[in-house]
Amino acid sequence: QVQLVESGGGLVQPGGSLRLSCAASGRIFSIFAMGWYRQAPGKQRELVATVANSQSPNYADSVKGRFTVSRDNAKNTVYLQMNSLKPEDTAVYYCYAEIMESRWTNKGSYWGQGTQVTVSS
């Protein structure tokens, strides 16, 4: 019943910026963490940035200093501000969340459908 919906992807020039959003909805008792992964053609899905409750954000080395992840807990939403984009950032970006659907359910990992980010001249 949980749904994660991403938005904000698109085509951007190298050096440009893009802001991704992901809103969680449905049967949600508690969200423990939210963040972003990405997958480029021929490559494994990799962590981009995540933030858990009461924890500092975790970033892939390749995006440190360029990307910023943040959460709006009241809206069950996570954002990814991407600056100084490079062609190698091109990938499908997937929203991720660790969610308990109820107090009787173990937390699980949930994924959005993905949003395409293309960095090209």
Side-chain angles (χ1 to χ4, degrees):
Q1 194 173 353
V2 172
Q3 184 179 23
L4 304 179
V5 180
E6 305 102 332
S7 62
L11 175 65
V12 65
Q13 297 180 92
S17 297
L18 214 56
R19 191 187 193 213
L20 306 182
S21 299
C22 172
S25 62
R27 187 180 181 185
I28 299 172
F29 177 74
S30 181
I31 300 178
F32 290 83
M34 298 189 78
W36 299 89
Y37 287 68
R38 68 186 181 187
Q39 187 167 25
K43 299 181 66 177
Q44 293 182 319
R45 186 174 297 188
E46 64 177 350
L47 180 146
V48 177
T50 60
V51 57
N53 296 345
S54 303
Q55 302 295 313
S56 59
N58 182 37
Y59 295 97
D61 288 341
S62 60
V63 307
K64 286 181 179 177
R66 300 188 297 121
F67 291 10
T68 302
V69 65
S70 60
R71 287 175 62 182
D72 185 337
N73 292 328
K75 297 180 179 180
N76 291 334
T77 298
V78 64
Y79 305 93
L80 184 67
Q81 179 66 47
M82 303 184 293
N83 299 324
S84 301
L85 283 161
K86 305 174 181 180
E88 48 263 48
D89 295 317
T90 296
V92 177
Y93 284 69
Y94 295 93
C95 182
Y96 152 85
E98 294 182 0
I99 296 173
M100 288 182 64
E101 294 189 18
S102 73
R103 67 181 298 166
W104 305 282
T105 306
N106 292 333
K107 67 179 181 180
S109 296
Y110 296 84
W111 298 91
Q113 291 297 308
T115 185
Q116 178 70 47
V117 172
T118 302
V119 184
S120 177
S121 299

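Atom set for the values below is all heavy atoms of this structure, side chains included, hydrogens, waters and symmetry mates excluded. No experiment lies behind these values; they were computed from the predicted model shown.
- Using a 4.0 Å cut-off between charged side-chain N and carboxylate O, Lys64 and Asp61 make a salt bridge.
- Cluster annotation: Val63 is connected to Leu18 through the hydrophobic network of ILVMFWY side chains, with a link wherever side-chain heavy atoms come within less than 4.5 Å.
- Taken from OH in Tyr96 to OH in Tyr37, the straight-line distance is 5.0 Å, to the nearest 0.5 Å.
- Met100 and Val78 fall into different hydrophobic clusters, where Ile, Leu, Val, Met, Phe, Trp and Tyr residues are linked whenever their side-chain heavy atoms come under 4.5 Å apart, directly or through other members.
- Between the CD atom of Gln1 and the OG atom of Ser102 there is a distance of 10.5 Å, given to the nearest 0.5 Å.
- One N or O on the side chain of Glu6 and one on the backbone of Cys95 form a donor-acceptor pair closer than 3.5 Å.
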For a side-chain contact (heavy atoms from CB on, under 4.5 Å) check, start with the C-alpha distance between Asp89 and Met82, then their side-chain angles and the critical distance, and finish with the verdict.
CA-CA 9 Å; Asp89 295 317; Met82 303 184 293; over 6 Å; no
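- Note on Tyr94: it clusters hydrophobically with Leu47, by side-chain heavy-atom contacts below 4.5 Å among ILVMFWY residues.
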Run the numbers on Tyr59 and Arg66 for side-chain contact (heavy atoms from CB on, under 4.5 Å), then give the verdict.
CA-CA 10 Å; Tyr59 295 97; Arg66 300 188 297 121; over 6 Å; no
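- Of all the heavy atoms in Ala40 and Ala91, the pair that sits closest is N-CB, 3.9 Å.
- Residues in residues 41-51 take part in these salt bridge (charged side-chain N to carboxylate O under 4.0 Å, His left out) pairs, two or more places apart or across chains: Arg38-Glu46.
- By the neighbour-count criterion of 12 heavy atoms within 6.0 Å, atom CD of Gln13 is sparsely surrounded, having that number or fewer from other residues, nucleotides or ligands.
- To the nearest 0.5 Å, atom CG of residue Leu20 and atom CD of residue Gln81 are 9.0 Å apart.
- Note that OG1 of Thr50 is 12.5 Å distant from CH2 of Trp36, once rounded to the nearest 0.5 Å.
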Kindly determine whether Phe67 and Leu85 satisfy side-chain contact (heavy atoms from CB on, under 4.5 Å), including the steps that lead there.
CA-CA 9 Å; Phe67 291 10; Leu85 283 161; 3.8 Å; yes
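- Within 6.0 Å of atom CD in Gln116, more than 12 heavy atoms from other residues, nucleotides or ligands are found, so the atom counts as buried in its surroundings.
- For Thr90 (side chain) and Val119 (main-chain N/O), a donor-acceptor pair under 3.5 Å exists by modelled atom type.
- Heavy-atom minimum distance, Asn83 versus Ser17: OD1-OG, 2.9 Å.
- Neither Val69 nor Val92 shares a network with the other; the hydrophobic side chains, linked directly or stepwise wherever heavy atoms of I, L, V, M, F, W or Y lie under 4.5 Å apart, form separate groups for each.
- Gln44 CD: 12 or fewer foreign heavy atoms inside a 6.0 Å radius.
- The one candidate from Asn53, Asn76, Thr77 that meets the side-chain hydrogen bond (donor to acceptor under 3.5 Å, both in side chains) condition with Arg71 is Asn53.
- For the atom pair Phe29 CZ and Ile99 CD1, the distance stands at 13.0 Å (nearest 0.5 Å).
- Of the inter-residue distances, the one linking Leu80 atom CG with Met34 atom CE reads 12.0 Å to the nearest 0.5 angstrom.
- Contact annotation: the side chain of Ser120 approaches that of Leu11 to within less than 4.5 Å [non-hydrogen atoms, C-beta and beyond].
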